[in-house]
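The model shown is predicted, which means the values in this text are computed figures rather than measured ones. Residue numbers start from 1 in every chain, and the chains themselves are labelled A, B, ... in the order their sequence lines are given, proteins ahead of strands.
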Amino acid sequence: MAVDTETVKRVARLARIAVSEAEAESFRTDLNAILGFVEQLNKVDVSGVEPMTSVLPMALPKRADIVDDGFIAGKVVGNAPQRHDDFFVVPKVVE
Amino acid sequence: MTINVRPPDPKKLIRGDSGDWEVVVGMEVHAQVTSNAKLFSGASTEFGGAPNSHVSFVDAAMPGMLPVINAECVAQAVRSGLGLKAEINLRSVFDRKNYFYPDLPQGYQISQYKQPIVGEGTVTVDLLDGTSFEVGIERLHLEQDAGKSLHDQHPSQSYVDLNRSGVALMEIVSKPDLRSAEEARAYLSKLRTILRYLGTCDGNMEEGSLRADVNVSVRKPGGPLGTRCEIKNVNSIRFVGQAVDYEARRQIRIIEDGGTIDQETRLFDPGKGETRPMRSKEEAHDYRYFPDPDLLPLEFTQEWVDELARNLPELPDQKRARFIADYALTPYDASVLVVEKESADFFERVAKGRDGKAAANWVINELAGRLNKEGKDIADSPVDSVQLGAILDLLAAGTISGKIAKDLFEIVWTEGGDPREIVAKRGLTQVTDTGAIARVVDEIIAANPDKVAAAKAKPTLLGWFVGQVMKASGGKANPQTVNDLLKEKLGL
């Protein structure tokens, strides 16, 4: 699988990363090198092998339905560049 | 996808310039799971807390925080699946649905994509004309709710509150089995009833606990499916009906004018009663789903599912069938009573050991009518089931007339008290003594010779006489006796 410059720009846009024309071109080369390297995995026959989800045979840990967290609004918004009355404040986004 | 094939119902078709059209509707309903804590954190789900007070570092997506699933939310999803007569998947997988929005701190929503917790099921929907039809359920999956953005607090900025962020939602996807606005409303209403019976979602649409995305397309009856539009976030049952009607007519107009339907996302404007395209035509969604590496697959045993199934409460369909069988109710009355569990329970307390039909009548008409008028819930009814039962007993025993029963209901509603004592104290007991009634009848006849003459020619005047006698007796005369005596004495 090889990516073209358009794909690089689209992926960058989806990730909200600004890339210039020159950067897109350079990333295209890098990405294709990485993809080419990873492509080697396709040589392994994995038919009939379940995807591995954990190195240890363990079940998903679960929690009880108990409220034991929250009420730390000050800390939650503490690092926000802008806040007001414990709200995060962001540039206007109206749909 | 298998689509429920019902022959087009001519009554439900929409007339256009080029003939009849059939509307095809499917729904994605987001139902907030009833739980104390969020899906992957220990923060509270309570509605209306101070800004960002019900937020843990997990919900705020602080670096390094890991989600741990709430076992009760899983149980609630399974209970819902059982209530929808659906396939329960003993193994399901959580995926990341990636997009950017200020009220989504993670930059992705944890959801289920290819392997949901619940597969195909069925909902039986009853319409008010007594007919019912089946709606296929495609799937139910668990996912996180997003936070809330407030746009009206500041001219150039939005405020973000993450209290809802991470609250568990069940997305319930129907098949495109609905064929009219009425069916769409009835389906959502039934789904809400089922979830409320199960106790898995409170169904509170004002607080956003239940909201629907409605997919609408039109086609020539029985023809191939048309292009659909998705109407987002419709938050009342009435609006669902309005949105479907408006959208169907809009699409028909476009097609008949030679245009084509663009597949797009639209919003319903309740003020104008119309749908309009969302302002930003976002580029084709590319959510880049992939399995969430923070979460192992969700697995549980069939025994655990069976245990949940054993402890399921009686569901509306079962209750409706039982009401019809045990209390001889009409399907219509039974359907009306089971919509709200509280009403059904109230009815049953009144009906136990009494005439079921009479009990249904009083609960549906007198009580529900009065409650509606004052905007009260049945839980806050001033007349409780014991009092209403006593009124029915007095009526059944012939102690009071139907007219007095309504007056008595009004007295109990406003003043409270034991209906039996009220009847005794205020002398409301029905007069069944024929002699006493006959005297009143004679008086009325003697006082109105012209009407007596007229009644010979026009027997419907009997009603006027009955009214006069009832009035003279303060509503206490037995109406049947009055009728019989009048007929006899007037020679009708």
Side-chain angles (χ1 to χ4, degrees), chain A residues 1 3-4 6-19 31 34-35 38 41 46 49-95, chain B residues 35-38 40-46 49-60 62 68-75 93 98-103 105 107 147 149-151 153-163 267 278-280 283 286 288 291 293 295-299:
Chain A
M1 187 179 106
V3 298
D4 55 20
E6 277 316 300
T7 308
V8 172
K9 285 185 192 160
R10 198 171 65 83
V11 171
R13 158 107 190 101
L14 286 169
R16 300 295 187 273
I17 297 170
V19 293
L31 280 173
I34 295 165
L35 288 170
V38 175
L41 290 174
V46 290
V49 180
E50 280 289 306
M52 189 181 73
T53 53
S54 169
V55 285
L56 297 171
M58 60 182 288
L60 176 68
K62 299 187 177 99
R63 69 188 315 135
D65 186 26
I66 295 165
V67 176
D68 58 7
D69 209 341
F71 307 104
I72 45 167
K75 287 183 176 175
V76 166
V77 301
N79 292 329
Q82 255 192 295
R83 53 185 184 271
H84 182 77
D85 285 348
D86 289 340
F87 282 106
F88 292 96
V89 177
V90 300
K92 192 146 222 156
V93 274
V94 178
E95 188 61 78
Chain B
S35 64
N36 300 315
K38 294 182 177 180
F40 294 114
S41 87
S44 169
T45 60
E46 205 182 314
N52 289 307
S53 58
H54 299 162
V55 181
S56 73
F57 289 146
V58 178
D59 311 314
M62 292 296 173
V68 182
I69 198 163
N70 180 338
E72 175 61 11
C73 294
V74 177
V93 172
N98 300 277
Y99 66 94
F100 286 103
Y101 205 73
D103 57 24
S149 306
L150 300 153
H151 305 298
Q153 307 288 309
H154 192 280
S156 62
Q157 296 185 301
S158 294
Y159 285 26
V160 180
D161 174 13
L162 299 181
N163 280 351
L267 288 174
M278 284 175 68
R279 201 186 309 167
S280 73
E283 53 194 303
D286 187 346
R288 293 151 296 144
L295 291 159
L296 287 166
L298 173 59
E299 291 176 295

**OP:** Name the member of B/M62, B/R288, B/H154, B/E72 that forms the most heavy-atom pairs with chain A at distances under 4.5 Å.
**Re:** B/R288
**OP:** May I ask you to decide if B/S53's main-chain N or O and B/N163's side chain share a donor-acceptor pair within less than 3.5 Å?
**Re:** yes
**OP:** Could you tell me which of B/T45, B/L298, B/D103, B/D59 has the largest number of non-hydrogen atom pairs under 4.5 Å with chain A?
**Re:** B/L298
**OP:** Check A/L31, A/V11, A/I34 against A/V3 for a side-chain contact (heavy atoms from CB on, under 4.5 Å) and give me the one that passes.
**Re:** A/L31
**OP:** Enter the distance from A/D65:CG to B/N70:CG here, rounded to the nearest 0.5 Å.
**Re:** 4.0 Å
Subject >> Region of B/P291 that comes under 4.5 Å of a non-hydrogen atom in chain A >> reply: neither
**OP:** Examine distances only and state if a side-chain atom of B/D161 and a backbone atom of B/P51 form a donor-acceptor pair shorter than 3.5 Å.
**Re:** no
Original post:
So what's closer than 4.5 Å to chain A heavy atoms on B/P297: side chain, backbone, both or neither?
Top reply: both
Original post:
To the nearest 0.5 Å, what is the distance between CD (B/Q157) and CD (A/Q82)?
Top reply: 4.0 Å
**OP:** Specify which of B/A71, B/S149, B/S41 makes the most heavy-atom pairs with chain A at under 4.5 Å.
**Re:** B/S41
Original post:
Relative to chain B, which segment of A/I72 carries a heavy atom at a distance below 4.5 Å: side chain, backbone, both, or neither?
Top reply: both
Subject >> Whether A/D86 side chain and B/N52 backbone form a donor-acceptor pair below 3.5 Å >> reply: no
**OP:** Would you check, one step at a time, whether the test side chain to side chain contact (heavy atoms under 4.5 Å, CB included) holds for B/H151 with A/V93?
**Re:** CA-CA 7 Å; B/H151 305 298; A/V93 274; 4.1 Å; yes
Subject >> Proximity breakdown for B/S156 and chain A, heavy-atom pairs closer than 4.5 Å >> reply: backbone
Original post:
Is a side-chain donor or acceptor of B/S56 paired with a backbone partner of B/G42 at a separation under 3.5 angstrom?
Top reply: no
**OP:** Hey, can you tell me if B/H54 and A/F71 have their rings parallel, tilted or perpendicular (30° and 60° cut-offs)?
**Re:** perpendicular
**OP:** Pick one of side chain, backbone, both or neither for B/F40, based on which atoms fall under 4.5 Å of a heavy atom in chain A.
**Re:** backbone
Subject >> Proximity breakdown for B/A60 and chain A, heavy-atom pairs closer than 4.5 Å >> reply: side chain
Subject >> Interface residues of residues 74-81 of chain A facing chain B - heavy atom cut-off under 4.5 Å >> reply: A/K75, A/V76, A/V77
Original post:
Partners of A/K92 by side chain to side chain donor-acceptor pair (under 3.5 Å), sequence neighbours excluded?
Top reply: none
